[in-house]
Structure formats: structure tokens, C-alpha cells
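One structure below.
Note: hydrogens, waters and symmetry copies are ignored here, and every other heavy atom, side chains too, is used. Fair warning: this is a prediction, and the values are worked out from it, not measured in the lab.
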Number of protein chains: 2
Amino acid sequence: MRKVVSSGQPTIKEIAKRLNISVSTVSRALHDHHSIGLRTKARVQQLAAELGYERNQTAIFFQQGKTFTIGILLPELSEAFFSSAISGIEDTAYSNNYTVLLGQSHDDEAREKQIIQSMKQHRVDGCIVSIGKNTRNYEHFEMLRQAKIPVVFFDRIPDLPNIHSVSCNLESGTVQAVDFLLKKGHRVIGMINGPEQLVASKERAAGYMRALSKHRLKYDPELIVSADLTAAGTAEAMKQLLSLKRRVTAVVTFNDYVAMDAVQYALKQKLEINKDITFVSYANTPVSSYTAYPPAASVEQFPYEQGQAATNMLLGILNGERAFNDYQRLIMESQLVLHT
Amino acid sequence: MRKVVSSGQPTIKEIAKRLNISVSTVSRALHDHHSIGLRTKARVQQLAAELGYERNQTAIFFQQGKTFTIGILLPELSEAFFSSAISGIEDTAYSNNYTVLLGQSHDDEAREKQIIQSMKQHRVDGCIVSIGKNTRNYEHFEMLRQAKIPVVFFDRIPDLPNIHSVSCNLESGTVQAVDFLLKKGHRVIGMINGPEQLVASKERAAGYMRALSKHRLKYDPELIVSADLTAAGTAEAMKQLLSLKRRVTAVVTFNDYVAMDAVQYALKQKLEINKDITFVSYANTPVSSYTAYPPAASVEQFPYEQGQAATNMLLGILNGERAFNDYQRLIMESQLVLHT
DNA sequence: GCCAATTACGCAAACGCTTGCGTGGTTAAC
DNA sequence: GTTAACCACGCAAGCGTTTGCGTAATTGGC
């Protein structure tokens, strides 16, 4: 037999040989097992320290059938929202002695499948995933289910019946945003929303309408326009809103980028920001506070906390605190933050 | 013996039993080994497909002493610079069939050590690390060296003699930035630099001076001011620059945030951006294009490409193309990008 | 028709560790 | 003095896979 790799790392066997005891005794001594005499325990632990012994996790993973690793699959690692989420995931995984295996799909379904496959082969204990925009086929997740690898979806959640998920409801935050504007005296409030088929757009619109009805104001459909989130689309939307007979004094924009584009358009129209017109947005990015005219407030979606929550949910399942098929959907509330 | 985990996953042994052949034959058949007959090969592969067989990577990792995993340790996963780098790392790792194990130090030396320890135990094949701000002690990296786990440092590089590293030289980009301004006719160019002890500040200053001397202009020390990167510090710096007897018409700022703060200060002084005063910055963030007054140009540091380069360097070592101790320092050039 | 080469497969060890069970030896209770 | 309880340790199997070597059976060249 050829020794494939001689990493030179000392093993339990080595220690056993040197001390003339069995490997099982060494193993137990290293684990502080009660059935090992204090003398031998001490001798083993000392020699282990001297040799710089370190347990071979790959052997343990293999033997135990558990890897203490969670796979995390996201569309884009570099997007601010997701990288905050990763940060939250890593932090809670770390403090529970789990490690994190990373993969990004770039919104490509094929790559998504390959990564899931790879994670399955790596025998991750569980997965946290945010699906790609174009993913229509969910069979790769079905395979995970069959392999008894629990999955927690977050933010971008597939339309499937029995799943664990964590997401953020933008409706409540939108209600707060509109409330805020109403309290400031605004009565004609526009909204630049995203593509209508998005859940995120629906939640925004719903929040808008709920806030109005709460204040017994009637809803004017003309005040919500759908845009494509490009600068040009935003300009077009602004143009529409500003052309209405009722003078729009505030606008809720789909996200911070849209807000900044909208601000630019408004400036071109010689409008004074926060005077002639006020903007409220959604905090997908941490940058708005650095711009010349940040939105007066924005709806925080707590990506870091979502990451934490998803990880905790997954760990709960892995620790057996919650049954594998006790499917749970956690919906976090978004919250308006004022930009003072 | 208790079977610790019955994942239910079919094994090579299972296939062997069903087909009444030996495990070694199955293994070889699955690997398309030439010494296996076509008939048996086909039978094995078919049954494997039927059973949904998937090789147990943990077993292979263990047996081969290799994990095809690289550990990546960064200060903050959510910072734009690092998350872009991660993206680059993951992409090239993925296309070389490696996976990525993640950890963030939060600039905490103790946590950094623990993560390195954990990665060592996980038997990662190699590491890519950007050290924390406060890390003074490098013994944890010394342990990696002893364990023969190669490390490539990037961006934040420790001051050690024999290491692999990838970093970006800001001097050349700064030269280009000042060149750009000079060609536009600016003659009095200020610089808001960062804390003087930072390498990054030194490189910026060096580039500034080199550009001037290239154009046979003499360097006025008053034109470079160090700031603390806060909004207040930036305002103070701007105030200093604008109070000089020679009229400053352009300013190179430490990064985009500083640029945006500086723009705000300039606006308050009723200066017209890109007319009375022009800004050039460094592209730590992708947001500047969304602001009302983005800097006219900025120096790109290519975090994604740095991540790619670091990964390629590491893979080169792992594949034996480069010797473990053939230490290499790759310094990438930064580059000015115009914001059209 | 003999030897060599080739084909097709099996045997078994090895990777490092955990753990159920067995077994001497000592102690204590009655 | 017998039994029971414990203490301290060793044996060996087993996790799933790879791989060097051995060995039959077949083929081909002369």
C-alpha cells in the first residue's frame, strides 16, 4: 500500500505507540473520558501538546457522518444585500461551531444545480439558499430533501409548498414610510414601484394602500407607477408623476438607486429636495447617507438579521430542536429608519 | 458496533453486493478504468444511476488527504471591496472544482486565530487571507506553514519576509489621476489623503508627487492634507485647501466616501462641481455613479481581479506548478476609470 | 503448441478516529 | 469469604473509498 499523503501531522496512533497504550485509550483521554485514569490522561494530553497533535477533522467527519458545515448559495456574493446576509450567517454559524461553504449562482440555474450537487457531495449538514431570478425548476432542492439535507430559503423564496424560509415583509415598512410622509403633511404621495410581477412590488403597493386607508384617504391609482429600475425608466416615471394635476410632494421609490436617479431628475426640474419634493426609499444599500440628497427616510430590510435568523432556524433543525418536516416560514418586519 | 448515521445513501459496497462483484471493481468501473470490461462497466454505471449513487466526498477527502477546499479569511464580508474579492475567488475556485470555506475576523486577532485553527483542522488545501487591522502576531500563519498549508495574502498583507501575496499598487493609478487633471488644464491640485501611517496613503502621495515631477511641476506640500476619513475631517480638509492663496481647482480624495463628503462641502460653498472644482477619487464603492455629482474619474483597484489572481496563485501552488516555498508577490496596477 | 502479453477481475490494506463490549484488578459491602 | 460494584484499559469493528498486487482466463505470435 502506498501512503497517499504523508502530511507529517501526528496521529492518535502515533501517540499510542509512543506511550505504549492503545489508540482507544488515547482517543478517550483526549476526550476526557471518565474511564481513563488521571495519570494516563495527563501523559496523553501532555504528549499531544508536545507533538502539536491536532485531530483530523476529515476523518471525524467521515466517521461521524456529520460535517458541521452549512452550505450557502446566493445569486451574487458582491451585492450589498447578500454580503450583509453572509456576514450574519457566518457570525452565527461561527459561534455555533459550524463552518460555511460558499457558492454563487450568478442567477444561472445550471450553475445553481451544480453547486447544490457539490454541496450534497460535500455532505454539508444543511443549506441556506436564495434562489436565482431565472430558476423555474426545483428538482435539485428535491434531491436535497431526499438526501435529508435540510434547506432554509431566504429572501428569494421558491414557490413551493413545504419549505423552511426566512424573508422580510416590506408591507409594514411601506406603511410606516407613508405614515411618516402623511404626518409630515404630505397628501399627494407618489410611488415608483418595480416590475409588477415581483412579490416585492406587490408588498410595496399593498403597504402604500393600507397606509392610505388607515388614514381614511382614498387611493389614486395614477400615483403608483411601475418602472424598470433603470435611470431612464425612473426619469420617465418621475415625469409622469410630476405631470399629474394634483401636485406630488413626496415619492416612495423602489430602492436607493431609483431614489438617487429620481433626485437627479428632480434637480434638473429645478425642484428643491426636501422642500418641493421629498423622497423615501428602501435601504438596499448603505450609501444613501453619503449622497448629496439622501432620501429623508428609508425602509430597512435587515439582511444581516435575516441571515442570522435563517442560520438559527437551520441550526434548530440540525440540533433536533425542530423536526425536519416541521416547516416554518419566518417573516421579519421591515422598518423605517429616518435619515437625520 | 452502532451505525452512527444511516444516511440511507447508497454506497459502492451496496452496488457491489447487488451485482455480485467486488467493491474495487465497482470503484474502478465508476472511474472508467481501462481494466474493467465494458459489460461490467455498463452494468455498474447503470445500477449506480438507478440507485442515485453519489460518492461520499468526506470518505474521499479522508482517504486522499486532500479536500479540494480553500479557506478564505477576511476582515469583513460585507464590505464592498471584500465581497467583490470573494466573488472573484469563488468564481475561479468553482471553475477549478474547488470549494470555498469562509470566515470573517472582524479585525479581531483572537477570532482570526480561531478561524485559522478551524481551517487547519478542516484540512483545507490552502488559504487566502487578508489580515485584520490590529493583527500584530503572526504565529497562527506560521503554524499553517508548518502544516504545509500554503497561504496567499492579499490586499492587507503582513510584514513578513517569505510569503505569497497579491496586492494593488495605488501609485500608478494616482499618477494617472493627476495626469488626467493636468491634461484638463488644472494646475493647482489638492489631495485629501488618509492617515499617514497607512501604506495606502503613502502610495497615493507618492503617485501624486511622481505625476508632478513627470510634468516638471514643483510639489507644494500644502496641497496634500491628511484627514481621518470622517465627514467632519473631510470638511476641515476642504476648508484648508480652499483657503490657500493659490486657487485649488481639483482635488484627489482618498476614496469615494470622502469624495462625496467633499462634494457636499463644496456645494455649501456655492462652488459648481466640475466647473469651479473637479474631484477624482478611488473606487472603493460602486455607488458613485448614482450620486448627483460623482467624481470625474476614479482609480479602480480591481478587487474581483485581485481575488481571481490570489486564487490562481494558490491553485498554482496546489497543483505543484509552483513550489511551496517559491514565494511570489504579485502587485497589480490600479487604473483610472473616467466617469463619462 | 508453447510462451508472452493482455484482459478482467478480486483481495486486502490503508486513511484516522470512535465506541460497544470484554476483561483483569482493586475495593467495599454484607 | 463471597458477591457486587467499580476502575482503567485493550480489542476490534466499522465509516466509504482507493489502489498495488495477484491471478485466472483469453488471445496472439511464432
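Nucleic acid contact class of Ser24(A) (heavy atoms, under 4.0 Å, all strands): base. Here Ser27(B) lies in heavy-atom contact (under 4.0 Å) with a base.
Sorted pairs that involve residues 25-44 of chain A and meet ring pair (Phe, Tyr, Trp, His ring centres under 6.0 Å), not counting sequence neighbours, are lacking altogether. Applying the ring pair (Phe, Tyr, Trp, His ring centres under 6.0 Å) test to residues at least two apart or on different chains, the pairs with a partner in residues 120-143 of chain A are His122(A)-Phe61(B), Phe141(A)-Phe153(A). Sorted by first and then second residue, the salt bridge (charged side-chain N to carboxylate O under 4.0 Å, His left out) pairs involving residues 83-93 of chain A (not counting sequence neighbours) are Glu90(A)-Arg111(B), Asp91(A)-Arg111(B). Within the structure, the salt bridge (charged side-chain N to carboxylate O under 4.0 Å, His left out) test picks out the following pairs touching residues 130-140 of chain A (sequence neighbours left out): Lys113(A)-Glu139(A). For the salt bridge (charged side-chain N to carboxylate O under 4.0 Å, His left out) condition, the pairs that include at least one residue of residues 38-50 of chain A, sequence neighbours left out, are Asp32(A)-Lys41(A).
Nucleotide dT19(C) holds its P atom 13 Å from the CG atom of Leu30(A), rounded to whole Å. When the C1' atom of dG14(D) is taken as reference, atom CD of Glu14(B) falls 16 Å away, rounded to whole Å. At whole-Å resolution of the value, CD in Gln63(A) and P in dG16(D) are 11 Å apart. Between the CD1 atom of Ile12(B) and the C1' atom of dG16(D) there is a distance of 7 Å, given to the nearest Å. Atom NZ in Lys13(B) sits about 7 Å away from atom C1' in dG14(D), given to the nearest Å. As rounded to whole Å, 10 Å separates atom C1' of dT18(D) from atom NE2 of His33(B). In this structure, Phe62(A) atom CZ and dG14(D) atom P are separated by 13 Å, rounded to whole Å. Look at CD on Gln64(A): it is 13 Å from P on dG16(D), rounded to the nearest Å.
Regarding contacts with the backbone of dC15(C), every side-chain N or O of Lys66(B) stays at 4.0 angstrom or more from both OP1 and OP2.
With sequence neighbours left out, the side-chain contact (heavy atoms from CB on, under 4.5 Å) criterion links Val23(B) to Ile12(B), Lys13(B), Ala16(B). Taking Glu109(A) as the reference, nothing meets the side-chain hydrogen bond (donor to acceptor under 3.5 Å, both in side chains) condition, with sequence neighbours excluded. Judged as a side-chain contact (heavy atoms from CB on, under 4.5 Å), and not counting sequence neighbours, the contacts of Phe302(B) are Glu300(B), Glu305(B), Gln335(B).
Side-chain polar atoms of Thr25(B) and Ser22(B) form a donor-acceptor pair below 3.5 angstrom.
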Check nucleotides 5-9 of chain D for protein N or O atoms closer than 3.5 Å to its own N or O atoms and list the pairs.
from   : atom 1 : to       : atom 2 : distance (Å)
dC9(D) : OP1    : Thr40(A) : OG1    : 2.8
dC9(D) : OP2    : Gly37(A) : N      : 2.4
dC9(D) : OP2    : Thr40(A) : OG1    : 2.5

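Note on ring orientation: taking the six-membered ring where Trp is involved, the planes of His164(B) and Tyr327(B) are tilted (angle from 30° to 60°).
Comparing the axis of the opening five pairs of the helix from dC2(C)-dG29(D) to dC30(C)-dG1(D) with that of the closing five pairs yields an angle of 50°, rounded to 10°.
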Distance-only donor-acceptor pairs under 3.5 Å for side chains of residues 313-325 of chain B, two or more places apart:
from      : atom 1 : to        : atom 2 : distance (Å)
Asn319(B) : ND2    : Leu315(B) : O      : 3.2
Arg322(B) : NE     : Gln328(B) : OE1    : 3.3
Arg322(B) : NH1    : Gln328(B) : OE1    : 3.3

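Remark on DNA chain C: of its neighbouring residues Val23(B) and Ala59(B), the 5'-side contact belongs to Val23(B), judged by nearest-heavy-atom nucleotide.
When each of Ile128(B), Ile70(B), Thr311(B) is paired with Val100(B), the side chain to side chain contact (heavy atoms under 4.5 Å, CB included) condition holds for Ile70(B) and for no other.
Shown for residues 42-58 of chain B: residues whose heavy atoms fall under 4.0 angstrom of DNA chain D, namely Tyr53(B), Arg55(B), Asn56(B).
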